[in-house]
Amino acid sequence: MKIARLPLAKLTTIGVGGEAEVWTVETLRDLKTATQAPYRVLGNGSNLLVSDAGVPERVIRLSGEFAEWRPDLSGWVGAGVLVPSLLQAAARLGLSGLEGLHGVPAQVGGAVKMNAGTRFGEMADALELVELYHDGGLHVYRPSELGFRYRHSELPEGSIVTRVKLRLTPSTEEAVRAKIALVDAARKGQPKKKSAGCAFKNPPGDSAGRLIDANGLKGTTIGRAMISLEHGNFLVNLGGATAAEMYALIRKVQAVLPLEVEWEIWGEIAPAEVEVHQ
Ligand code: FAD
Ligand code: EPU
């Protein structure tokens with residue numbers, strides 16, 4: 001186990017966030033030790049906006065036995081494994097079920113917690129069993145017990161996803177790659193700049209990005225944080241943005257549209273009081 005104070009800006013895709021004590025756990029014993037005090041679990045940091053002051057809790061990262069998997073995708077897959085690696089393996093093996101997650105830079109645990117996906121499929125569809133650590137021990141659940149909905153799960157309080165068993169359907173490499181290409185085409189309009197994916201959930205029957213666009217909010221810039229010109233639901237870090245600036249952008253959108261934030265916000269963030277450019 002490694003324990004170090006690290007800037008979370010380095011461990012999140014949006015590149016924002018202050019320091020925290022990061023506990024990298026490799027065994028169940030490590031996990032038991034790390035969870036003796038208040039904690040948060042970090043996956044690949046691709047859906048997080050972390051306060052500039054960091055967080056006071058321990059930040060647990062899964063490594064070692066929690067990042068193991070077999071290249072044939074049989075058996076248990078560690079929650080610390082990257083979804084894009086699994087998807088590549090699944091394509092080579094001609095196994096279908098994960099294609100809807102193409103382009104989602106998550107770890108398995110973060111994808112389960114957020115039920116990540118696209119309209120082509122979501123994480124819950126590809127799960128046979130989920131192993132969770134909570135209340136001092138490991139527990140195995142069927143996905144039907146975990147309250148999966150659009151970008152939502154209901155895991156027992158304090159749960160850490162440790163491993164999953166995937167439910168994939170035998171297909172062909174060509175068919176799997178063809179479906180990936182469809183998802184890829186649907187993602188073409190998304191920006192490459194640093195972000196945490198879509199900032200807001202889609203309201204039923206509509207798209208938050210479309211609404212933000214239709215309300216003329218694209219291009220709004222606060223400090224180094226900007227509503228992407230390519231896709232209205234991507235709030236991007238132009239380089240050196242603060243959490244306060246990113247959060248001020250969220251408030252700016254919410255002043256106009258009643259959208260629910262999809263990002264997980266860690267720590268207290270007061271929106272920056274800086275000039276808005278449009
Ligand atoms: P993190 O961001 O690290 O954490 C997110 C939440 O999960 C936190 O609450 C964290 O505590 C919890 N968590 C992480 N690991 C565990 C664990 N092992 N056990 C329990 N809880 C855990 N999302 C989509 O749904 N669809 C998309 O198409 C999509 N596209 C994206 C594109 C880009 C470029 C980016 C940057 C993000 C995108 N996202 C998308 C958002 C993001 O990838 C997902 O929300 C993903 O599920 C987050 O996973 P993560 O491992 O990065 O989790
Ligand atoms: N649109 C606009 N202007 C914009 C953005 C979108 O008019 O600036 C329009 C598009 O033209 C399209 C509609 O809105 O007609 C929907 O846009 P898109 O196909 O890009 O889908 P989305 O609903 O904005 C969703 C997910 C994405 C996922 C894509 C995959 C949510 C909040 N977003 O986006 O997920 O990658 O579908 O197609 O569910 C994420 O959750 O982080 C994420 C990136």
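Atoms within a ligand are numbered from 1 in the order they appear, just like the ligands themselves. These figures come from a predicted structure and were not determined experimentally.
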Exercise. Would one find an N or O of V161, backbone or side chain, under 3.5 Å from an N or O of ligand 1?
Worked result: yes
Exercise. Identify the closest protein heavy atom to atom 49 (O) of ligand 1: which residue and atom is it, and at what distance?
Worked result: A106 CB, 3.3 Å
For this session: Please work out whether any backbone atom (N, CA, C, O) or any side-chain heavy atom from C-beta onward of N44 is under 4.0 Å from ligand 1, and answer side chain, backbone, both or neither.
Result: both
Problem set entry | Atoms of ligand 2, numbered as shown, that sit under 4.0 Å from any heavy atom of N233 | 32 (C)
Exercise. Would you say W266 contacts ligand 1, with heavy atoms under 4.0 Å as the rule?
Worked result: yes
Exercise. Counting heavy atoms only, which of V59, L132, N47, L101 comes nearest to atom 45 (O) of ligand 1?
Worked result: N47
Exercise. So, Q107 and N44: side-chain donor and acceptor under 3.5 Å apart, yes or no?
Worked result: no
Exercise. Any chance the side chains of R187 and Q190 put a donor and an acceptor closer than 3.5 Å?
Worked result: yes
Exercise. Taking T35 for the side chain and L31 for the main chain, is one N or O donor matched with an acceptor at less than 3.5 Å?
Worked result: yes
Exercise. Heavy-atom count around R177 CZ within 6.0 Å, excluding the residue itself: above 12?
Worked result: yes
Exercise. Would you say E122 touches ligand 1, if touching means a heavy atom closer than 4.0 Å?
Worked result: no
Problem set entry | Atoms of ligand 2 close to R119 [distance to a heavy atom under 4.0 angstrom, numbered from 1] | 19 (O), 38 (O)
Exercise. When you look for heavy atoms under 4.0 Å from ligand 1, do you find them on the side chain of Q107, its backbone, both, or neither?
Worked result: both
Exercise. Out of S207, G209, C198, who gets a non-hydrogen atom closest to atom 13 (C) of ligand 2?
Worked result: S207
For this session: Enumerate the atoms of ligand 2 whose separation from the nearest heavy atom of R187 is less than 4.0 angstrom.
Result: 36 (O)
For this session: Answer yes or no: is there a donor N or O on one side and an acceptor on the other, between the side chain of W263 and the main chain of C198, under 3.5 Å?
Result: yes
Problem set entry | Atoms of ligand 2 close to F200 [distance to a heavy atom under 4.0 angstrom, numbered from 1] | 32 (C)
Problem set entry | F234 contact mode with ligand 2 (heavy-atom cut-off under 4.0 Å) | side chain
Exercise. Taking the non-hydrogen atoms of R40, is any one of them nearer than 4.0 angstrom to ligand 1?
Worked result: no
Problem set entry | Nearest neighbour in protein (non-hydrogen) for atom 9 (O) of ligand 1 | E264 OE1, 3.0 Å
For this session: May I ask you to identify the nearest protein heavy atom to atom 25 (C) of ligand 2, giving residue, atom name and distance to one decimal place in Å?
Result: N202 ND2, 4.1 Å
Problem set entry | Within one Ile-Leu-Val-Met-Phe-Trp-Tyr cluster: V176 and L127, side-chain cutoff 4.5 Å | yes
Seminar exercise, completed: Quick note on ligand 2: atoms under 4.0 Å from a heavy atom of R151 include exactly 26 (C), 27 (C), 31 (C), 33 (N), 35 (O), 39 (O), 40 (C), 41 (O), 43 (C)
Exercise. Of all the atoms in ligand 2, which lie at a distance below 4.0 Å from a heavy atom belonging to A186?
Worked result: 38 (O)
Exercise. Side chain or backbone of L62 under 4.0 Å from ligand 1, or both, or neither, by non-hydrogen atoms?
Worked result: side chain
Exercise. Tell me, which protein residue and heavy-atom name are nearest atom 28 (O) of ligand 1, and how many Å apart are they?
Worked result: R187 NH1, 2.8 Å
For this session: Applying side chain to side chain contact (heavy atoms under 4.5 Å, CB included) between I227 and each of I250, V236, T221, I212, report the one that passes.
Result: I212
Problem set entry | Residues K165 and E128 bridged, charged N to O under 4.0 Å | no
Exercise. Looking only at protein heavy atoms, which one is nearest to atom 34 (C) of ligand 1, and how far off is it?
Worked result: S195 OG, 4.1 Å
Problem set entry | Exercise check, heavy-atom protein proximity under 4.0 Å to atom 15 (O) of ligand 2 | no
Exercise. Does N115 reach ligand 1 with a nitrogen or oxygen that is under 3.5 Å from one of the ligand's nitrogen or oxygen atoms?
Worked result: no
Exercise. Does the side chain of E65 come under 3.5 Å of the side chain of T27 through a donor N or O and an acceptor N or O?
Worked result: no
Seminar exercise, completed: When rounded to the nearest 0.5 Å, the distance separating CG of L98 from CZ of R167 is 11.0 Å
Exercise. Considering all protein heavy atoms, does one lie under 4.0 Å from atom 11 (O) of ligand 2?
Worked result: no
Exercise. Would a distance-only check, ignoring hydrogens and angles, find a side-chain to backbone donor-acceptor pair under 3.5 Å from R224 to G240?
Worked result: no
Exercise. With a 3.5 Å cut-off and no angle check, do the side chains of W23 and E21 form a donor-acceptor pair?
Worked result: yes
For this session: Establish whether V77 and V161 are linked, either directly or via other cluster members, by ILVMFWY side-chain heavy-atom contacts under 4.5 Å.
Result: yes
Exercise. Under the 3.5 angstrom rule, does the side chain of E99 hit a backbone N or O of G97 as a donor-acceptor pair?
Worked result: yes
For this session: Record the part of C198 in heavy-atom contact with ligand 1 below 4.0 Å; permitted values are side chain, backbone, both and neither.
Result: neither
Seminar exercise, completed: closest protein heavy atom to atom 30 (C) of ligand 2 is T118 CG2, 3.7 Å
For this session: Report yes or no: does D213 contribute a side-chain atom to a donor-acceptor pair with the main-chain N or O of G209 at less than 3.5 Å?
Result: no
Exercise. When you measure from atom 24 (C) of ligand 1 to each heavy atom in G45, A111, G117, which option holds the nearest one?
Worked result: G117
For this session: Answer yes or no: does an N/O atom from D213 fall short of 3.5 Å to an N/O atom of ligand 2?
Result: yes
For this session: Please determine if V41 has a nitrogen or oxygen closer than 3.5 Å to a nitrogen or oxygen of ligand 1.
Result: yes
Seminar exercise, completed: heavy-atom search around atom 9 (C) of ligand 2 in the protein gives R210 CB, 3.8 Å
Exercise. For the side chain of T12 and the backbone of V16, is there at least one donor-acceptor N/O pair under 3.5 Å apart?
Worked result: yes
Exercise. Hey, does the side chain of D125 reach the backbone of G121 with a donor-acceptor pair shorter than 3.5 angstrom?
Worked result: no
Seminar exercise, completed: Here the gap from R151 atom CZ to N47 atom CG, rounded to the nearest 0.5 Å, amounts to 8.5 Å
Exercise. Out of Q190, H231, E262, E122, whose heavy atom is nearest to atom 28 (C) of ligand 2?
Worked result: Q190
Problem set entry | From the candidates R151, E262, K113, the one that places a heavy atom nearest atom 7 (O) of ligand 1 | K113
Exercise. Between G197 and ligand 1, is there a nitrogen or oxygen pair with a distance under 3.5 Å?
Worked result: no
Problem set entry | K201, NZ: over 12 other non-hydrogen atoms inside 6.0 angstrom | yes
For this session: With sequence neighbours excluded, tell me which residues meet side chain to side chain donor-acceptor pair (under 3.5 Å) with S46.
Result: none
Exercise. Counting each atom of ligand 2 from 1 as listed, which ones have a heavy atom of G197 under 4.0 Å away?
Worked result: 42 (O)
Exercise. Near Y150, which atoms of ligand 2 are under 4.0 Å from a heavy atom of that residue?
Worked result: 31 (C), 32 (C), 39 (O)
Exercise. Taking N or O atoms only and a 3.5 Å limit, does G232 qualify as a polar contact for ligand 2?
Worked result: yes
Seminar exercise, completed: At under 4.0 Å between heavy atoms, what of F120 touches ligand 1? The answer is neither
For this session: Go through L166 and L86 one step at a time and tell me if the side chain to side chain contact (heavy atoms under 4.5 Å, CB included) criterion holds.
Result: CA-CA 10 Å; L166 296 172; L86 291 183; 4.3 Å; yes
Exercise. Are I269 and L48 connected in the hydrophobic side-chain network, where two residues link if heavy atoms are under 4.5 Å apart?
Worked result: no
Exercise. What protein heavy atom is closest to atom 47 (O) of ligand 1, reported as residue, atom name and distance in Å?
Worked result: G110 O, 3.1 Å
Exercise. What protein heavy atom is closest to atom 6 (C) of ligand 1, reported as residue, atom name and distance in Å?
Worked result: M114 SD, 3.8 Å
